[in-house]
Amino acid sequence: MAKNLVIVESPAKAKTIEGFLGKEFLVKSSFGHVMDLSKKNLGVDIENDFVPNYEISTEKKKVVTELKKLASEAEVIWLASDEDREGEAISWHLTNALKLDEAKTKRIVFHEITKNAIQNAIENPRSIDKNLVDAQQARRVLDRLVGFELSPLLWKKVKPALSAGRVQSVAVRLIVEREEEIKNFKTESNFRVTALFNIQNAKGRSKLSAEVPTRFKSKEEALEFIRKCKEAGFSVKSVETKPAKKSPAAPFTTSTLQQEASRKLGYSVANTMRVAQQLYESGKITYMRTDSVNLSNLAMGMAQDEITSLYGENYVQTRKYKTKAKGAQEAHEAIRPTYLNNRDIDGDASQKKLYELIWKRTIASQMSDAILEKTNVTIDVSTAKKDFFAKGEIVKFDGFLKVYMESKDDENADEMAGVLPPVKNGDILNRLEIRGEERFTQHPPRYTEASLVRKMEELGIGRPSTYAPTISTIQKREYVIKEDRDGVNRKYHCIILKDEEIKDELKTEKTGFEKSKLFPTDIGTLVNKFLIQYFDNILDYNFTASVEKEFDEIAGGKKVWNEMIREFYGPFHNQIEDTLEKAKKFSGEKLLGVDPVSGKNIFVKIGRYGPLAQMGETDTDDKPKFAGLKKGQSIETVTLEEVLELFKFPRQVGAYEEEEMTVAIGRFGPYVLHKKKFYSLGKEDDPVDITPERAVEIIEEKRKKEVENTIKEFEQDVKVLKGRFGPYISIKKKNFKIPKDVNPEELTLEECLKIAEDPKNTPKKRYVRKKK
DNA sequence: CAGTGAGCGAGCTTCCGCTTGACTT
């Protein structure tokens, strides 16, 4: 029996550490928090100093039982959860849940998983820092109070099953406000004049491209300048060179890994985390949920060796990076390969790609600066005051650029200047072509998942472990949708001077194309408007920062946690009560126009099931007619014509097999109804003008699929079917799983009925959210 | 998945952070 029980948060970490500690130590994991506020109710006793009602989380009962048993058998229990607010609380909850004897219990912390660090920790135990625990309790209780009082208010005033919280509501706000900025953005155009020159000097003949650094406000101004260029002579007025350097980016944190994997590999935030988890579990990288840019001395040594052997000593420049993130807790190392001499790994393609990215970023972070030389050439135009400029950049020493270059969100923000041909003062240039192109100002970019994470980190909102879940929550609640949008064609003017001729052309370019961007939905916009109107203090971008400051004071022993909560809750709860009383139902109703046939008003608004159109008033005797908006339509942009189309459903499209086919638009999109069965229309089908032939085709397609998915069919209501999770038995629309040792091909009717009777094969009545 | 929408009212939804598998129709 082991004398010592060490408890860490993650099982992968437990495995590693056990190797360092030897036989006397058993290392186990708590799998994160084991206790949390009661899920059934508020979980906080408002009347009684906000005493939290903690429960052992249902999914943690098993591990708690096991740890309790092991703890009772051990002589010393070492609580080795992370050294941050949450980690301290985990240790404290463990002492309570496992009923640990204080005399036998020691709290230890380490920042890196090395033998030295861990042995050092064992030699320097401490006790649980109750102030830090209290800071966590304040954080937890505040989030619960905000979430569980705001959400029910939304159910009453806006729509059921909505949610609000300190983090998610601000994330939605960012996206809604960015969309407003874009809507209000006035595009302006100006003219950019560029030139291509021929240059002949002692060093030979070459080409040089240059541009006028200031833009021309109008076509006339650009044209006037280009006319002058037609008669002008061009010569080099000055050549300036100056040294410059570039430094590598810091090693990855969760947030920067998500951003780079998104830009360079096109991964979603959730995908990045899934793949990183796999790499972590197989021991290939260090922990992937971290806000630290710090590398251990061990890692820096490994990097130094690897860089020396691959590129030579002059490429090594070890560096310690400092975090810039607000509220960083730095309980872990930066994300890096466990062994830096492994340049590639075994694994699937996505693991290999992500690993390579992490390897490059880590190695580059310990490499020399790149030494550059920047050159600016000014070209005089003999007939005009304005000059042309050419910018060049040469790499004198590549340094870290040999391995890795961080990418940017805005691809054309910083165009890499190329290499310039050799030029000197007084060189004469011959113009080949001069162009004046109309350019447009651009609205601020929409957020991607990854750029939203970066913004949240900048505001100190959310933690590495919650970035991905938060982004998924706001999409699940349908506050925000991630999608592509087609661009539109835009005409622009282009003036070209070639030889002695000036041409004015009208060209076309595609603009506004969006790929995997976050757009607010009608519901997101409405909920945000409601929250801003009544709870601007909670939605304030600085709310988290200001409560964090108070949590720090609690952690420092300068404040008592439930007094802080009391000061917050009093006014907050009054706000809730006030809003409950004063705010009317918030539906975002908008009068769109009048139905030309009936003369009734047509409104659009948010209903119980989402955006809808309404014909007629609700407060008259005549019942109004309703129609849900189609997917992709929005209250903001839908037109009267489009809404009138919606009221044409359900419509008959003809008969098939002597029964009517009806097309309508339901909760899950347009469908054909035939013999009481539903057939969803395809993406390319337009329900307005679908032909009877196409409707029949859709019906037949689905029937064919059903046949393909049927393994066996007994009586009409007893079937063995192929599903998403393998074969199953369907009896009168109820589904039953097939035991593993049964071959579904060989099932008989009696066996099926018998399986259906066995209670362990019946589907669990688990609550499943209807929203995807 | 299920094809609604007024109003009535029962009974449901909900937060953030720390961790992974078990399980789904």
Side-chain angles (χ1 to χ4, degrees), chain A residues 8-13 29-37 39 42-43 57 59-60 63 81-82 84-87 89-90 93 136 139-155 159-169 277 281 287 289 331 461-467 469-470 473 477 544 587 605-614 616-628 649-650 662 664-671 673 678 680 721-730 733-738 763-764 766-772:
Chain A
V8 295
E9 292 182 34
S10 141
K13 197 168 167 181
S29 138
S30 73
F31 294 83
H33 275 292
V34 293
M35 295 185 105
D36 192 16
L37 297 177
K39 286 209 176 345
L42 191 61
S57 316
E59 72 274 16
K60 298 295 167 55
V63 69
S81 48
D82 297 343
D84 58 16
R85 202 160 65 199
E86 298 297 325
I90 288 175
H93 283 143
Q136 193 274 347
R139 198 279 306 155
R140 181 68 191 90
V141 168
L142 179 109
D143 282 338
R144 171 57 69 92
L145 293 174
V146 169
F148 274 40
E149 297 218 351
L150 275 185
S151 301
L153 189 64
L154 291 179
W155 306 341
K159 179 176 169 317
L162 295 176
S163 67
R166 175 177 58 83
V167 173
Q168 59 168 286
S169 296
Q277 176 89 29
E281 282 173 14
Y287 196 56
R289 289 186 277 264
I461 294 164
R463 302 280 311 135
S465 66
T466 60
Y467 295 139
T470 301
T473 299
R477 297 270 177 281
T544 290
S587 70
K605 65 178 188 183
I606 299 285
R608 204 149 37 114
Y609 307 106
L612 64 88
Q614 176 185 321
E617 317 286 333
T618 48
D619 50 7
T620 58
D621 287 340
D622 252 10
K623 270 188 196 169
K625 267 183 156 178
F626 296 95
F649 296 102
T662 310
I665 298 174
R667 174 140 144 67
F668 303 99
Y671 62 91
L673 182 63
F678 297 93
S680 287
L721 299 174
K722 245 185 282 180
R724 207 152 45 106
F725 310 108
Y728 64 99
I729 300 169
S730 164
K733 293 201 172 158
K734 272 190 175 170
N735 299 321
F736 304 90
K737 70 179 172 194
I738 300 171
K764 277 180 192 150
R766 211 177 58 141
Y767 176 75
V768 186
R769 279 192 67 84
K770 283 183 181 169
K771 284 167 192 166
K772 281 185 272 183

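Naming: A, B, ... by sequence-line order, numbering from 1 per chain.
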**Asked** Separation of A/L162 atom CG from B/dT13 atom P, in whole Å?
**Response** 14 Å
**Asked** Can you find a pair of side-chain heavy atoms, one from A/Q614 and one from A/K625, that are under 4.5 Å apart?
**Response** no
**Asked** Under 4.0 Å: is that the gap between some side-chain N or O of A/Q168 and OP1 or OP2 of B/dC15?
**Response** yes
**Prompt:** Quick one: does A/E617's side chain get under 4.5 Å of A/P624's, heavy atoms only?
**Reply:** no
**Prompt:** Can A/W155 be said to stack with the base of B/dT13, given centres closer than 5.5 angstrom and planes under 30 degrees apart?
**Reply:** yes
**Message:** Does B/dC15 have OP1 or OP2 under 4.0 Å away from a side-chain N or O of A/S163?
**Reply:** yes
**Request:** Check the distance between B/dC16's C1' and A/H93's NE2 and give it to me in whole angstrom.
**Result:** 14 Å
**Message:** Looking at the base of B/dC16, is there any donor atom on it, or on the side chain of A/R144, that sits under 3.5 Å from an acceptor on the other one?
**Reply:** no
**Asked** Quick one: does A/R139 reach the base of B/dC16 with a side-chain donor-acceptor pair under 3.5 Å?
**Response** yes
**Request:** Report the distance from atom CZ of A/F626 to atom C1' of B/dG5, rounded to the nearest whole Å.
**Result:** 5 Å
**Message:** In whole Å, I'd like the distance from the CG atom of A/L153 to the P atom of B/dT13.
**Reply:** 18 Å
**Prompt:** Between A/T466 and B/dG17, is there a side-chain N or O to OP1/OP2 distance below 4.0 Å?
**Reply:** yes
**Separation of atom NZ in A/K60 from atom C1' in B/dT20, rounded to whole Å** = 8 Å
**Prompt:** Looking only at atom C1', what distance separates B/dA22 and B/dC1, rounded to whole Å?
**Reply:** 23 Å
**Prompt:** Is the aromatic ring of A/F31 within stacking range of B/dT20, meaning centres under 5.5 angstrom and planes under 30 degrees?
**Reply:** no
**Asked** Using a cut-off of 4.0 Å on non-hydrogen atoms, how would the nucleic acid contact of A/R85 be classed: base, sugar-phosphate, or nothing?
**Response** nothing
